[in-house]
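Here the structure comes first, spelled out in structure tokens, and everything after it is commentary.
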Amino acid sequence: MNNGREQWATKMGFILAAVGSAVGLGNIWRFSYVTGDSGGAAFLLIYVLCIFLVGLPVLLAEFSIGRRGQSDVVGSFNNIAPGKPWVIGGVLGVLTSFLILSFYGVIAGWVVYFLYSYLTGAAGAVEQGGYADFFVNFIGGATGPVFWQFFFMAVVIAIVFFGVKKGIELSNRIFMPLLALILIVLAGYSLTLDGAGEGLRFLFTPDWSAFGDPSVYSAAVGQAFFTLSLGMGAMITYASYLPKETKLPNAAGGVVVLDTLFAIVAGIMIFPAVFTFGLDPASGPGLIFITLPEVFAQMGTGGTVFAILFFFLVAIAALSSAISLLEVSVSYLMRKMNWKRQQATIIAGVVVTLFGIPSALSQGGPLTFTLFDLPFLDLVDTITDKYTLPLGGLFIALFVGWGWNQVDALKETGLTDSIIGMIWLWFIRIIAPAGILWILFLNIF
Ligand code: PFF
């Protein structure tokens with residue numbers, strides 16, 4: 001039945017991989033800077049609403065499409081609805097996952113560089129207050145960002161080359177809980193800092209006027225999709241390696257709750273520190289790379305150990321997310337071109353890495369690469385965040401809500417004749433598409 005396609009070794013293997021895909025740079029790096037940029041608590045509240053009103057239903061929809069379709073993101077749509085235009089959603093998924101991986105590798109490269117700099121002692125030797133310069137000098141360099149992007153992508157390619165199941169399962173079982181632990185310890189430390197009160201207020205006490213700002217809603221939907229790996233077929237692809245028995249709603253609920261907890265704890269770790277060190281919460285993508293080293297420096301000698309652990313574990317979390325991004329193209333190419341896994345991985349991996357170079361070089365310095373007045377990295381991020389991700393999500397919701405036979409869709413989730421099934425169906429039919437359409441409208445006009 002599976003035409004020789006791989007399957008997860010255990011139920012737990014799938015859930016771990018799905019959590020591994022969801023939890024990554026999005027929860028720590030992107031969540032912190034987008035929350036900071038979007039004003040804090042009002043954003044957080046809208047974001048959590050988006051996660052449960054749009055993210056959870058769409059995640060369950062992706063799981064159902066993948067398991068029923070038993071193919072890559074394009075093939076799964078085709079298998080369920082042959083000859084119908086829904087497959088455009090699949091093509092969009094391949095495109096979006098490619099674009100995201102191109103810059104995801106760059107940011108992960110920054111993380112690995114920080115890990116390396118703490119290991120060599122270079123980062124530990126920077127004076128307090130000097131980390132903004134340390135960071136800006138690095139990302140503005142001509143070779144460093146590309147070197148570390150290549151390094152990270154080489155590891156991603158090597159793992160996907162040998163097949164997704166092996167490795168991820170083990171690494172997620174050990175490193176995810178460790179990452180959770182270190183985030184909690186660091187958050188606890190942040191709460192002892194002078195700026196703790198201000199940081200917590202920023203994160204949890206909404207400024208009501210912010211609810212009138214449409215860009216906050218747009219940022220929240222984009223972040224919800226990004227952090228849950230939605231709208232680009234990663235979760236469809238992973239669910240396609242599932243045997244029938246796994247209970248999809250439980251898996252979806254688990255992924256959503258864990259992913260959201262990771263982000264909130266990361267917020268509690270970051271914002272007290274931001275205010276303690278007098279940094280601007282809206283300072284953009286550099287936020288964690290500037291704030292956290294200041295925290296580690298403040299911790300004294302133990303700080304370096306924490307820094308090493310932190311950047312190592314974040315790099316591993318980024319790895320399992322990047323693997324799922326590459327797997328979308330690899331699984332598509334294997335079927336479409338009839339390539340072996342190895343060939344598909346090398347070709348897709350090399351092309352996406354090369355496409356990431358202009359992003360790696362777009363952050364200041366002599367080779368700054370910009371297009372439409374935006375640094376290339378920011379441009380690719382904007383295209384995916386504002387357009388292709390929500391559009392992909394819209395296709396998925398509309399397909400499951402309206403395109404797919406309702407009885408079959410409910411059967412696939414195991415929610416036939418249940419209230420939860422009915423609620424899910426109406427969310428996926430009306431609430432999620434309406435919300436996404438509104439955001440797309442805001443973003444386009
Ligand atoms: N969800 C990942 C994160 O939060 O870092 C990023 C990601 C992975 C996005 C896989 C999309 C994807 F398909």
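Positions are given from 1 along the sequence. Counting convention: from 1, in listed order, for ligands and their atoms alike.
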Only distances under 3.5 Å count here; give the side-chain donor-acceptor pairs of residues 174-191 to other protein atoms, sequence neighbours excluded, each with its distance to 0.1 Å.
residue, atom, partner, partner atom, Å
S190, OG, M269, O, 2.5

- Steps toward ring pair (Phe, Tyr, Trp, His ring centres under 6.0 Å) verdict (W86, F77): CA-CA 7 Å; W86 296 110; F77 275 101; 7.7 Å; no

For residues 228-237, run the donor-acceptor check on the side chains, cut-off 3.5 Å, and write out each pair with its distance to 0.1 Å, sequence neighbours left out.
residue, atom, partner, partner atom, Å
S229, OG, S21, O, 3.1
S229, OG, S21, OG, 2.8
T237, OG1, G233, O, 2.7

Less than 3.5 Å apart, N/O on ligand 1 and N/O on the protein: could you list those pairs with the distances?
residue, atom, partner, partner atom, Å
ligand 1, 1 (N), S21, O, 3.1
ligand 1, 1 (N), A22, O, 3.0
ligand 1, 1 (N), F226, O, 2.8
ligand 1, 1 (N), T227, O, 3.1
ligand 1, 1 (N), S229, OG, 3.0
ligand 1, 4 (O), A22, O, 2.9
ligand 1, 4 (O), G26, N, 3.3
ligand 1, 4 (O), N27, OD1, 3.4
ligand 1, 5 (O), L25, N, 3.0
ligand 1, 5 (O), G26, N, 2.7
ligand 1, 5 (O), Y104, OH, 2.5

- Query: Is the gap between the ring centers of F306 and F296 under 6.0 Å?
  - Reply: no

- Is there a donor-acceptor contact under 3.5 Å linking the side chains of Q363 and D378? yes

- Task: Any pair with a residue in residues 43-67 that passes side chain to side chain donor-acceptor pair (under 3.5 Å), sequence neighbours left out, goes on the list, sorted by first then second residue, please.
- Result: R67-E412

